[in-house]
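Report on the following structure.
All figures in this text were calculated on a predicted structure; none of them were measured in a lab. Residue numbers start from 1 in every chain, and the chains themselves are labelled A, B, ... in the order their sequence lines are given, proteins ahead of strands.
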Amino acid sequence: DAGVIQSPRHEVTEMGQEVTLRCKPISGHNSLFWYRQTMMRGLELLIYFNNNVPIDDSGMPEDRFSAKMPNASFSTLKIQPSEPRDSAVYFCASNNRAGGLYEQYFGPGTRLTVT
Amino acid sequence: AQSVTQPDIHITVSEGASLELRCNYSYGATPYLFWYVQSPGQGLQLLLKYFSGDTLVQGIKGFEAEFKRSQSSFNLRKPSVHWSDAAEYFCAVGAGAAGNKLTFGGGTRVLVKP
């Protein structure tokens, strides 16, 4: 399997611009997770989906952030408008609880820089 | 709410020496516990996990961890460190359905001296 795929790997944008991060989970996995990693706050769970339905979005920092999962093989995390404090590495992960795969498989991350 | 503490931010160890990384968690129920490793510029890779059963868990790359309920700890060990073990290590506790909602510790960065 190709693993979790994230794009782009690096994104540099100016404050106020819209940013869209993309994730393709491992085929057959039914849960998808978005994390953010910063020096100050470490690794934080932003939102997770089960069977394409958002289950817990309590980690989403504010209304500027939104996430969607239109089908089992694709998810987006959008920031609009972006701010410098959104600069971080964003990870996507997936697993299949129904299949007994409780551990999450992480993608390589997207490094976002907002100037 | 659950929480994870990794008391050591940095650890330096000589190649061939043993390594122990500490992890303490706070969670009201039986925890799902994980150790992940992150190499520079990479995503996280699972080293091992504990859900139930034998409290000594074996993982990949020669790592093991011991769950101690009385101490709320899940420390990671390796008997002999290799230079390739230099990385950042994260302990995590999973809550919710099947432990899906992960809370990570702050991480411990391991440096390996030749």
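Annotation: maximal heavy-atom pairing with chain B below 4.5 Å, among A:R111, A:Q37, A:E44, occurs at A:Q37. Comparing A:P108, A:G42, A:G109 by how many heavy-atom pairs each has under 4.5 Å with chain B, the most go to A:P108.
For A:Y35 and A:F91, the distance between ring centers is not under 6.0 angstrom. Two rings, from B:Y36 and A:F106, have their centers less than 6.0 Å apart.
For the pair A:T38 (side chain) and A:R41 (backbone), a donor-acceptor distance under 3.5 Å is present. With hydrogens and angles disregarded, a donor-acceptor distance shorter than 3.5 Å links the side chain of A:Q6 to the backbone of A:Y90.
Interatomic distance, A:I26 CD1 to A:N96 CG, rounded to the nearest 0.5 Å: 10.5 Å. We find the OH-OG distance between A:Y105 and A:S31 to be 13.0 Å, quoted to the nearest 0.5 Å.
B:Q38 touches chain A through its side chain: at least one heavy atom from C-beta onward sits under 4.5 Å away, while N, CA, C and O do not. Heavy atoms of A:S58 lying under 4.5 Å from chain B belong exclusively to its side chain. Only the side chain of B:L46 comes within contact range of chain A, with at least one heavy atom under 4.5 Å from a heavy atom of that chain.
Comment: B:D85 does not engage B:K61 in a salt bridge, judged by the lack of any side-chain N to carboxylate O separation of less than 4.0 angstrom.
A ring-ring contact (aromatic ring centres under 6.0 Å, His included) with B:F34 is found for one member of B:F104, B:F63, B:F51, B:Y50 and no other, namely B:F51.
Scanning residues 74-82 of chain B against chain A with a 4.5 Å non-hydrogen threshold yields no residues.
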